[in-house]
Structure formats: C-alpha cells, structure tokens
Amino acid sequence: MARLNDEVGALLQEYSDLLLLTGGDAYRARSYEKAARSVGGHPEDLARLDAEGLQAIPGVGRSTAEKITEYLGTGRVAAVDALRAKVPPGVREIMAIPTVGPKKAALVHRELGVSTVDELLDAARAGRLDDLPGLGARTAENIVHGIEVLRQGGGRVLISTALALAEEIAAAVREASGCERCTWAGSLRRMRETVGDVDVLAAADDSAPLTAALTGHPLTAEVLGSGTTKTSVRTTRGLQVDLRVVPAEDWGAGLVYFTGSKAHNVKLRARAVRAGLKLSEYGLFEADGGRKLASRTEEDVYEALGLPWIPPTLREDRGEIEDALNGELGQPVTEQDVRGDLHTHTDLTDGLAPLEEMLAAAHRRRWSYVAVTDHAPNLAMQRMTDAKMLAQREQLQALQGSFGRMRLLHGTELNIDPDGGVDWPPEFLAGFDLCVASIHSAFTLDRAAQTRRLVRACENPYVHVIGHPTTRLLGRRAPIDADFDEVFAAAARTGTVLEVNASPERLDLGDELIIAAHRHGVRFAVNTDAHATVHLDNLRFGVATAQRGRLAAEEVVNTWPLQKLRRFLKADLKRAPG
DNA sequence: GCCGTTTTCGGCCCGACTGTTTTCAGTCG
C-alpha cells in the first residue's frame, strides 16, 4: 500500500539533499524534506489522489504536487534530473556518513574533486582534508570512523525494504502460468534485522514462465544468471533476488532448505544422517535405498526427523532444535497476542497524524488499549510544554469511549539526560498513565557513564519503559556503549520494562540482547514508536524480533489484559512511597 | 517551497555539542 508513497518520499528526500549540496535555499530544502516525510507516512495511496488531494497532504503545496504528478505520469521529475546531472551520486552517499552533512560533502567535492566515499576515505587517510578551511585532523578521524560505522551494514538493507521488494516480486511470480505457490525464504523469512539478498521460492513443473516473470519485471535491472531451477537478478535498487523453482511435491523440503539458517540446516542434516537418512532441498530420503520419506510440507519434513515444526524466526541454531526435542520450544509471542501499543506519537510533537487519526488507526487494529507518548520538553525541537501535554490529556479523556472499548492511556516519551535524569518533576510525572524514557542525546559517553545513566533511569519510580535501549540505527548509528548486563539486572530489580522497538530502522532491543535480558528476568514491551498511522504495521517486525529473542506472550507486557497491565504500571515496586 | 487565531509576506523546529575557531559553522536529534 505505502510502497509508492515511500518511493515518492525517497525522491523528494533526494531532491532536498541535492538542493543542499548545490547550495540551494535551506528553507526550500527543508520544505521538500518535510514533504518527503509527510508523503511517506500518508495513509492513502498517492496514485489515487488528484492535484487537490495531493495538496491536502500537510507540507505538500502546488510545486511539490506538480512534481509528484509529473513522477506518477512519466516516472521522472525534470527538476530532480537537472540536479542529478550536477552532483555525482557518490557525493550524496558521502552525506550519509555520520558527522558529514551537505556542507562538508560539497566542500570536499568542490575543493578536492572527491565524489565517492572511497575517495573521501583515501583523502582523509592521506591528510588531504587538513588543508581545507574549517576542517582539521579531528574531522578527518571522525570521517574515517563514520565510514566504518556506515560500512558495518555491509550492503545489507532494512527488513522493511527487503519485504516490500519480496512481496512485489512474489506477487508477479504468482501470476505466472503454472505457478502453484510462491513465497520468500532466507533471512527475510527468518526476519533477521537486515537482509543481504532476497530468496524467493516457487513451486511449478515448468519454471520458464516464472523465470520470465522475474527477468522481465520492471524492478529487474540486470540478469546475473538464469537456469531451470535458479535465476538471479540485480534489482534497480541494487538488492539481489534469487528465484528458486521446485516441484510442488518438494515444496516443504525446498522451503526448509532455502529458509535456513545454514547452521540450522547443518544440524538438521546431521540429525538425518544419524538416523540413516539424507536431507536435501528435494526431500528427506533413506540414505541407502533413496526412498523419499517427506518433502511436501515443512511439517512433514520436521516430523519425519522427529521434530515439531519450528517457526522460521527461531531457525538460527541457538538451541531451538534441542529445545524442540525436549518439548521446550514454547509458544513464541505472535502479532495476535499483542493487545496494544505503549509507544506512539502524534502531530503534537514529531508525529504526522493528529491524535484522533492515530487513535482511529489503532482502533482498526482492534487493540484493547493504546498509549499516546509524545516527546517531553528536553528534546527542545519538539517545543513541548506543560500546557500542551495537559491539554492533550484532556483531549484524550474526552475521547475515552469514542473508539469502542479501546482504553486510551496518556503517556510521554521522556529524555534520559547524561546523568540519568528525565524531564519534569515527580509531581508532573505522576499524572501520566505511563512513561517511556529514552536516550536522544550524548551517544558518545563512555561505557561507565552510559551504564550509570540507564541504571538510574530504571531506578526512577516513574519510568515504566526504557525506549529503544541501545539507540542504534541500523546501518547508520552504532549502539551506545554500555554494560547491558548491568542495565538488565537493574531493569529486572526495579520492574522496568525494556522496549523491543519495532521500527525497522531500530529493532531495539535486538534478538541477542533480548535473550540476554530475558535471562535476568526482565519484562518487555513490543512497541511501534509510530510517527504515522502506517507505522502501526511495523508491529510485525517487532514481534518477529521478539520471537527471535525467544519471548513468549507472557513476558511481553502489552499482550496482557488492561487490568493486569494497569496493576503492573501502578505496582509499589515502581512507585515511590506515598 | 509551504503556510496563515502573525493570513499573501515573512517567517520557518530549538538548543547542544563538536571542532574549529578567537566568535562561529556544521551537524544532529
């Protein structure tokens, strides 16, 4: 649904970047940036809007609407093309390096002719940046470090990006003649936090029409190789897609094989070998006679190996096979278990949708409760005030009952300052149903300071949830350095909930830290941190991450009924005496 | 370029931090 909107949003963002790189008016650039965000978070498909409808989107005026219309009609925007011709694409990539913005990117391009990240790295290491006005040795160091952070992503893309691509390709393959089934496998099906390439699996007797659907797809930029069972292409956005076609009767075996992980499969095959069997993408066979024992469904394959079906999100060889054998796999939390969201924003701060729209979208998800948690005043750019917050509370109270039986909770997202303190005095904090507290500044404090800061936030009796605890941004910002074992111990001791932030660019906590925190007996909340109604759909990424962290519904407080949740929020453990 | 209980011009998200400066520019949330 939102894919076209995201595409247009990306284009407007690019135009904004290009305006800044070419020394255009900063306010004009900001207009396009604002429009980009607004379009990306707009719930209606742009293709269904006329000029008037487009201009009704906040931040979209006549000029932006014309550009969108031009793009929808021709697939291009002349103004964007004109600027692209002036700025090599690598220069815009330079802007993505932390600590490098449009000014520095333009400077190195103009003065040194640097037009790729690699060239900038060379220049920084060779000391050639030191001669530029306003740049020194320290800047060069930061740039080198920034490039390292950027490269740790290793060309992988966000799960949301990969999923949108996979859905589109799979839909096209399903339309091909003779296609019986088609879905995606690989790390995308396991819902790893980032994806290196997309594996699409299809079932058909004749692969040719399916292959043609992929190689002829508008998203395909280059065919890397094509045979009867496997075809690989590079898409227009750089991501590789592998299509595998198996006979319908081997669907289950193929799905197990291509879902992985490699380590999970190795263990499955070893188990097969010990039982005198052989497991491949074509099925489970007797090792000697070659008779096929199972291949039609995943359940068949696992069952023939003496195992229950294991959810894809668990297939990482982290003990899931042993647990399955011992009957200790448990029931991972599912999207259906979630009864509400405890971290959402409205246009009172940096959200895009007004309160009523966010609540209506939450209600459509049939939630039992939702907490509205706009930013607190210490994040100065949000211009929060006591009066605004209290007015929102009144508005929320007035709306109570307007969305069926969905309970509206009033919360806030506090800012954890470098010492571990938060916005507002206790008497004001006491007025909220729920407080999320997050780090939004001072990301570079040393380990001891970050640890102390988070522990103190946990010890604050008014802080119920620590939001996006590591503050990482996948591929863009490293997690803060803290002794998370100590933080988890503090969270468990104080009854502070740790967030599994479902935003695909965060997924924070990630699966491994969830497992570590779980050992301490911590409770979790899977929250969307939605800044637009469409972001509520990100819940699935958070739930998948929780599954990968081996969480059951019971350990996730927003699967609890309202009464239980409210008792928990008011527990003496978290409240100061009196 | 967008927008209007400041309404067709003149503002626009504010403040901290960092590294380079000697009073400030760039970046970030």
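Because the structure is predicted, anything quoted here is derived from the model rather than measured. Naming convention: chains lettered A, B, ... in sequence-line order (proteins, then strands); numbering from 1 in each chain.
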Would you say A/R30 places a side-chain N or O within less than 4.0 Å of OP1 or OP2 belonging to B/dC13? yes

Taking only the P atom of each, what is the distance from B/dG11 to B/dC17 in whole angstrom? 29 Å

Closest to the side chain of A/A380, out of B/dT20, B/dG15, B/dG1, is B/dG15

For B/dT27 and B/dT21, measure between their P atoms and round to the nearest Å. 15 Å

A/Q547 versus A/T313, side-chain donor and acceptor atoms under 3.5 Å: yes

Does atom NE2 of A/H145 have more than 12 heavy-atom neighbours, drawn from other residues, nucleotides or ligands, at distances under 6.0 Å? no

Sticking with atom P, work out how far B/dT23 lies from B/dC28, rounded to a whole angstrom. 26 Å

Looking across every strand, which nucleic acid part, if any, lies under 4.0 Å from A/P102 by heavy atom: base, sugar-phosphate, or nothing? sugar-phosphate

Among the candidates B/dT20, B/dC13, B/dG1, find the nucleotide nearest to the side-chain atoms of A/T139. B/dT20

Spacing of the P atoms in B/dC13 and B/dT6 (rounded, Å): 15 Å

Is the distance from OP1 or OP2 of B/dG19 to the nearest side-chain N or O of A/N142 less than 4.0 Å? yes

Between A/T99 and B/dC28, does any side-chain N or O lie under 4.0 Å from OP1 or OP2? no

If you measure from the C1' atom in B/dT8 to the same atom in B/dG1, how many Å do you get, rounded? 14 Å

Using a 4.0 Å heavy-atom cut-off, does A/S63 contact any base of the nucleic acid, only the sugar-phosphate backbone, or nothing at all? sugar-phosphate

Length of the CD1-P vector between A/I439 and B/dA16, whole Å: 18 Å

Would you kindly give the CD-to-P distance between A/E33 and B/dT27, to the nearest whole Å? 13 Å

Row check, A/F443 ring normal vs A/R477 NZ/CZ: under 6.0 Å, within 45°: yes

It should be established whether A/R28 places a side-chain nitrogen or oxygen under 4.0 Å from OP1 or OP2 of nucleotide B/dC12. no

Quick check on DNA chain B: between A/K34 and A/L132, whose nearest nucleotide comes earlier from the 5' end? A/K34

Nucleotide forming a Watson-Crick or wobble pair with B/dT8, both distances under 3.5 Å: none

Hey, are A/E413 and A/S438 close enough side-chain-wise for a donor-acceptor pair under 3.5 Å? yes

Atom-to-atom span, CG of A/L18 to C1' of B/dG1 - whole angstrom: 16 Å

From B/dC2, B/dG29, B/dG26, nucleotide with atom closest to A/S31 side chain: B/dC2

Using whole Å, report how far CG of A/N378 lies from P of B/dG15. 12 Å

Selection from B/dT18, B/dG29, B/dC13 that lies nearest to any side-chain heavy atom of A/F443: B/dG29

Whole angstrom is fine here: how far is it from NE2 in A/H375 over to C1' in B/dC28? 14 Å

A/Y32 side chain, from C-beta outward: closest of B/dG29, B/dG1, B/dG19: B/dG1

Has A/R151 got more than 12 heavy atoms of other residues, nucleotides or ligands less than 6.0 Å from its CZ? yes

Distance in angstrom units between A/L135 CG and B/dT27 C1', rounded: 13 Å

Measure from the side chain of A/R477, starting at C-beta and using heavy atoms only, and say which of B/dG19, B/dG1, B/dG29 lies closest. B/dG29

Scan A/A26 against the nucleic acid and name what it touches under 4.0 Å (heavy atoms): base, sugar-phosphate only, or nothing. nothing

Here's a test of your reading of the structure: between A/I97 and A/P418, which maps to the more 5' nucleotide of DNA chain B? A/P418

Looking only at B/dC12, B/dT20, B/dG26, the nucleotide nearest the A/K104 side chain is B/dG26

Can A/H468 and A/D529 be counted as having a side-chain donor-acceptor contact under 3.5 angstrom? no

Enclosure of A/R62 CZ (heavy-atom neighbours >12, cutoff 6.0 Å): no

What's A/R476 touching, base or sugar-phosphate or nothing? Going by heavy atoms closer than 4.0 Å. nothing

Choose from B/dT18, B/dC13, B/dG26 the nucleotide whose nearest atom is closest to any side-chain atom of A/K103. B/dG26

Closest to the side chain of A/L379, out of B/dG26, B/dC2, B/dG29, is B/dG29

